[in-house]
Amino acid sequence: DQQVKQNSPSLSVQEGRISILNCDYTNSMFDYFLWYKKYPAEGPTFLISISSIKDKNEDGRFTVFLNKSAKHLSLHIVPSQPGDSAVYFCAASGLISDTGRRALTFGSGTRLQVQP
Amino acid sequence: DAGVIQSPRHEVTEMGQEVTLRCKPISGHDYLFWYRQTMMRGLELLIYFNNNVPIDDSGMPEDRFSAKMPNASFSTLKIQPSEPRDSAVYFCASRQDLSTDTQYFGPGTRLTVL
């Protein structure tokens with residue numbers, strides 16, 4: 001059962017335009033969400049996060065929006081740059097019931113290609 | 001800080017051989033995680049440690065897989081015997097403490113079992 005889903009395996013946008021990457025989750029226990037960026041032959045790099053008590057978090061060109069009622073979050077990159085071309089992973093964290101533990105659950109990733 | 005360090009970066013071995021992957025977490029981080037990434041299953045958590053103690057190993061696929069953390073600055077993931085289906089990229093990540101959910105990943109080890 002995929003608890004975190006990124007339904008678009010790839011996305012292509014023009015340089016300077018907005019990139020919107022989407023993520024859906026099913027587990028209502030998730031209360032913290034993160035986006036990671038991954039270049040080939042490198043490990044995922046933390047990009048931005050948002051707590052479930054917020055609906056928006058902004059960091060420079062990157063903004064994450066959270067819609068809790070829809071169990072949906074999105075990452076906006078404005079303006080997009082060729083260096084943003086990478087695979088983006090959505091991750092969710094929450095308390096695992098009966099264990100007191102917290103762990104990250106990752107989506108399958110979306111490959112973003114920004115065309116010059 | 002140098003970040004999370006993994007070695008080797010690439011490993012090619014033959015079926016049946018023992019493979020040992022190594023990880024040095026960020027200094028001061030209390031949590032260490034081992035992940036495996038494959039095309040079929042994406043990024044999946046294998047095991048994680050808190051203060052050198054294994055907390056959850058439910059993601060370890062089989063008894064052929066084992067992980068240890070003898071001290072706060074070193075962990076190993078061992079596969080014995082290795083099989084072709086173990087071919088994947090293995091990532092190590094660390095997290096500072098319970099005050100954050102952010103994990104920092106190493107560059108990964110690409111394992112190929114022939």
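Note that the coordinates shown come from a computational prediction; the quantities given were computed from them, not determined experimentally. Just so it is clear: chains get the letters A, B, ... in the order the sequence lines come, proteins before strands, and each one is counted from 1. When reading the values below, keep in mind they use all heavy atoms of this one structure, side chains included, and skip hydrogens, waters and symmetry mates.
Neither the backbone nor the side chain of B:Arg110 comes within less than 4.5 Å of any heavy atom in chain A. There is no contact between B:Arg41 and chain A, counting heavy-atom distances below 4.5 Å. Within the 4.5 angstrom heavy-atom criterion, atoms from both the backbone and the side chain of A:Leu104 approach chain B. For B:Tyr35, the part lying near chain A is the side chain, with the backbone staying farther off; criterion is any non-hydrogen pair under 4.5 Å. Only the side chain of A:Ser93 comes within contact range of chain B, with at least one heavy atom under 4.5 Å from a heavy atom of that chain. For B:Asp56, the parts sitting under 4.5 Å from any heavy atom of chain A are the backbone and the side chain alike. Heavy atoms of B:Gln37 lying under 4.5 Å from chain A belong exclusively to its side chain.
Linking ILVMFWY residues whenever their side-chain heavy atoms come closer than 4.5 Å, directly or via other members, leaves A:Phe106 and B:Leu46 in distinct clusters. Taking hydrophobic clusters as Ile, Leu, Val, Met, Phe, Trp and Tyr residues chained together by side-chain heavy-atom distances below 4.5 Å, A:Phe33 shares a cluster with A:Val64. Linking ILVMFWY residues whenever their side-chain heavy atoms come closer than 4.5 Å, directly or via other members, places B:Met15 and B:Val19 in the same cluster. Cluster membership check: A:Phe30 shares its hydrophobic cluster with A:Leu47, using side-chain heavy-atom separations under 4.5 Å among Ile, Leu, Val, Met, Phe, Trp and Tyr. Note on B:Leu77: it does not cluster hydrophobically with B:Val89, by side-chain heavy-atom contacts below 4.5 Å among ILVMFWY residues.
Sparse packing is recorded around CZ of A:Arg17, with 12 or fewer heavy atoms of other residues, nucleotides or ligands lying under 6.0 Å away. More than 12 non-hydrogen atoms from other residues, nucleotides or ligands lie less than 6.0 angstrom from CD of B:Glu83.
Atoms CG and CZ, from B:Asp101 and A:Phe46 in turn, are 10.0 Å apart once rounded to the nearest 0.5 Å. With values rounded to the nearest 0.5 angstrom, A:Ser108 atom OG is found 10.0 Å from B:Met39 atom CE.
Here the closest non-hydrogen pair linking A:Pro44 and B:Phe91 is CD-CE2, 3.9 Å.
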